[in-house]
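Since we're looking at a predicted model, the values are computed, not measured. Note on naming: letters A, B, ... go to the chains in the order of the sequence lines (proteins, then strands), and numbering restarts at 1 for each one.
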Amino acid sequence: MFLKLVQNEWMKLFNRTSTYVMLGLLAAGVLTTAIFTYYQQQDQQLPSQEQWQAELQSENETLAQQEAETNNYYIESDAINQQAINNYRLEHNLSPYETENVWTYMDSNTGLIQFIGMLVIIVAASIVAQEFKQGTIKLLLVRSASRTQVLAAKFAVTLLFGLFLLVSLFAMSFAVRAIVFGFDGSTIHITASNGEVIEWSRIIYLGVTYLAGSVTMLMLAAFAFMISTVFRNDSIAIAISVMLLFAGTMATNILALLTDWAKFSLFANTNLEQYFRGGPMVEGMTLGFSVVVLVVYLVVFLVLAFGFFNKRDVSI
Amino acid sequence: MESILSLQNVHKKLGKKLAVNGVSLDVYPGEIYGFLGPNGAGKTTTIRMITGLTKITSGDIRIADASITSDYKSAIQHVGTIVENPELYPYLTAEKNLLHFARMSKNVTKEDIDSRLKLVRLDHVRNQKVRKFSLGMKQRLGIAQALIHRPKVLILDEPTNGLDPAGVREMRDYLRKVAKEEGVAIFISSHLLAEIELICDRFAIIQEGKLVQVERVSDEDRPEEMNRYQLEVSDLAKAHKLAVREFPKLVIHEKENWLHIKAAKEQVGQLIMFLTSQGVMVYQSVREKQTLEDRFLQATERGVS
Ligand SMILES: Nc1ncnc2c1ncn2[C@@H]1O[C@H](COP(=O)(O)OP(=O)(O)OP(=O)(O)O)[C@@H](O)[C@H]1O
Ligand SMILES: [Mg+2]
């Protein structure tokens, strides 16, 4: 029964024009960044070895000064990590500059993950609210499927759709870029955390970026889903969630400057990448801590959504 | 015979008000049951409770002997319904809409979908999106959707809303066919009395949440039932005088050259025999057909006042 419900939701999603508009916009985004970077790199001159080494050394001096003067944890750890990366580059003669290739381009496309986040929020917000708006919820609920099953199928399809978009983005940008720019270029990526330098294989690093990006997506999808189920209105859910998507991290950054309690904020924990790059937002946070906080948020969102959906009368 | 749908002292509180107040009724297989009432009487609220969309405040509703509150799944599998408008997915085709609901029940095959589409005469537009359908077509698809899993009870809330006379007639014929051939019990709410009268076997009238009357549509055919008759006679004044003297218990009066009486079948026969024996010719005797509307107003005027 559950699989058939999932099948139904998928069928409904892919019979709607708006879904194809979303896919079209995503493809357009991929093409636009490709064209933009292509023209940008045409008159690009890579700095010589002396130039970039001098640049990194002077940057290190500024950072060392910052490290000494600031008493903000976040700025300090950022300065330490950046110096570590710069030193590593100087030692191993790895220029921070490179010509555009498939990897740098895929890096720049990670911005599109945020766009995907927005699309998933829209689907999460409308997949329940639309049924109420059209009145079809009545036909959906007067069948042998329980309300829990109906709602679970909708949430599953929202997540599947997010996954589908991520895979599409990955495949599209890889294909476009491999054709336009080729594969030449450094195959490693360097990050630092707590002053320790980590050297990544490029493809694994990209994978981690996509995965980390999808954590934010998952949490906001669950949030939008909960709001639209409780209020039975998709506009409210979309507005609040998209606002959080774009402003949430910034707001948490500001909060982190003021209080340590910021570490319990959703957005201090959604960016799991921070444990591999730059270190956490607030001192003392660990990967395990973040995972626990995220799971708690997710459970709260889902309990609210399912609780309201199961209990309330349908009177439209 | 066991009733297939049974409401037992059902109450529903909405806000501070009792929207449904102690409704009890039974519907039997193959029967078409009318549920009449003016706007705001509580028809839709009752139907929402029968279909499990809203919770019952007190009382119980049983479908095929399973309680809708404690045994929802086994109760609801016997129910097909349209609550208010035929709400379907406008962006799906007719066939995909049916496929959608078919997937939600056990043992519905591709052939069932085909045969239902044919029965409601929509197989020629099966691949058209519902967005382009007329209201009549949507209603028919709504019925097909409600019957796709061969339910034992069909619950319809104002199914003829917005249909033209031809559409209403078609719907009526189709419902009668389903009730007769498949033994489906049909519970149908309406405030359009004329329609109910033509297809229902029995009906109940609800007002301000209370049942005020339950009757057979054809009750007036029973010999002991009091009905209004009009007699055309050769000498009205003489007939009136004779009738009042011989049958002092009956209500008799003159109106527009006819003698009006309220009596049972047998009594009318006796009156005619008496009048002719007294030399008054009786040209014709007509039974005034009391419409459902009369009964509806009769039953509800107590509440209106
Ligand atoms: N959500 C609600 N909260 C409070 N009262 C409500 C609510 N919904 C309906 N009512 C009231 O309950 C009563 C019954 O409404 P219901 O919709 O069942 O009537 P109805 O018989 O279907 O009328 P109609 O012929 O207009 O469809 C009405 O008086 C209405 O005002
Ligand atoms: Mg109604």
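With a 4.5 Å cut-off on non-hydrogen atoms, I148(B) touches chain A through its side chain but not through its backbone. Heavy-atom distances place the side chain of L5(A), and not its backbone, under 4.5 Å from chain B. Interface residue K311(A): only backbone heavy atoms are found under 4.5 Å from chain B. Heavy-atom distances place no part of K106(B) under 4.5 Å from chain A, backbone and side chain included. Heavy atoms of Q149(A) lying under 4.5 Å from chain B belong exclusively to its side chain.
Residues of residues 88-95 of chain B having a heavy atom under 4.5 Å from any heavy atom of chain A, listed by number: L88(B), Y89(B), P90(B), Y91(B), L92(B).
A side-chain donor-acceptor contact under 3.5 Å links E31(B) to the backbone of Y28(B).
For the pair D71(B) and K73(B), the salt-bridge criterion is not met [side-chain N within less than 4.0 Å of a carboxylate O]. K154(A) and E131(A) are joined by a salt bridge, as a carboxylate oxygen and a charged side-chain nitrogen come within less than 4.0 angstrom of each other. Salt bridge absent: K118(B) and E111(B) never bring a charged side-chain N and a carboxylate O closer than 4.0 Å. The pair D157(B)-R48(B) does not meet the salt-bridge criterion, since no charged nitrogen lies less than 4.0 angstrom from a carboxylate oxygen. Remark: E9(A) does not engage R103(B) in a salt bridge, criterion side-chain N to carboxylate O under 4.0 Å.
Chain B forms the most heavy-atom pairs under 4.5 Å with one residue out of N15(A), L139(A), N8(A), and that residue is N8(A). Between chain A and the residues T54(B), V79(B), T51(B), the most heavy-atom pairs under 4.5 angstrom are made by T54(B). Between chain B and the options Q130(A), R312(A), K4(A), R16(A), heavy-atom pairs under 4.5 Å are most frequent for R16(A). The choice from L141(A), L140(A), T17(A) that makes the most heavy-atom pairs within less than 4.5 Å of chain B is L140(A).
Under the 30°/60° scheme for interplanar angles, the aromatic rings of F187(B) and Y33(B) are found to lie parallel.
Between atom OG1 of residue T136(A) and atom CD of residue Q145(B) there is a gap of 11.0 Å, rounded to the nearest 0.5 Å. Distance check: L220(A) CG to Q114(A) CD gives 9.5 Å after rounding to the nearest 0.5 Å.
Aromatic ring centres of F14(A) and F164(A): separated by under 6.0 Å.
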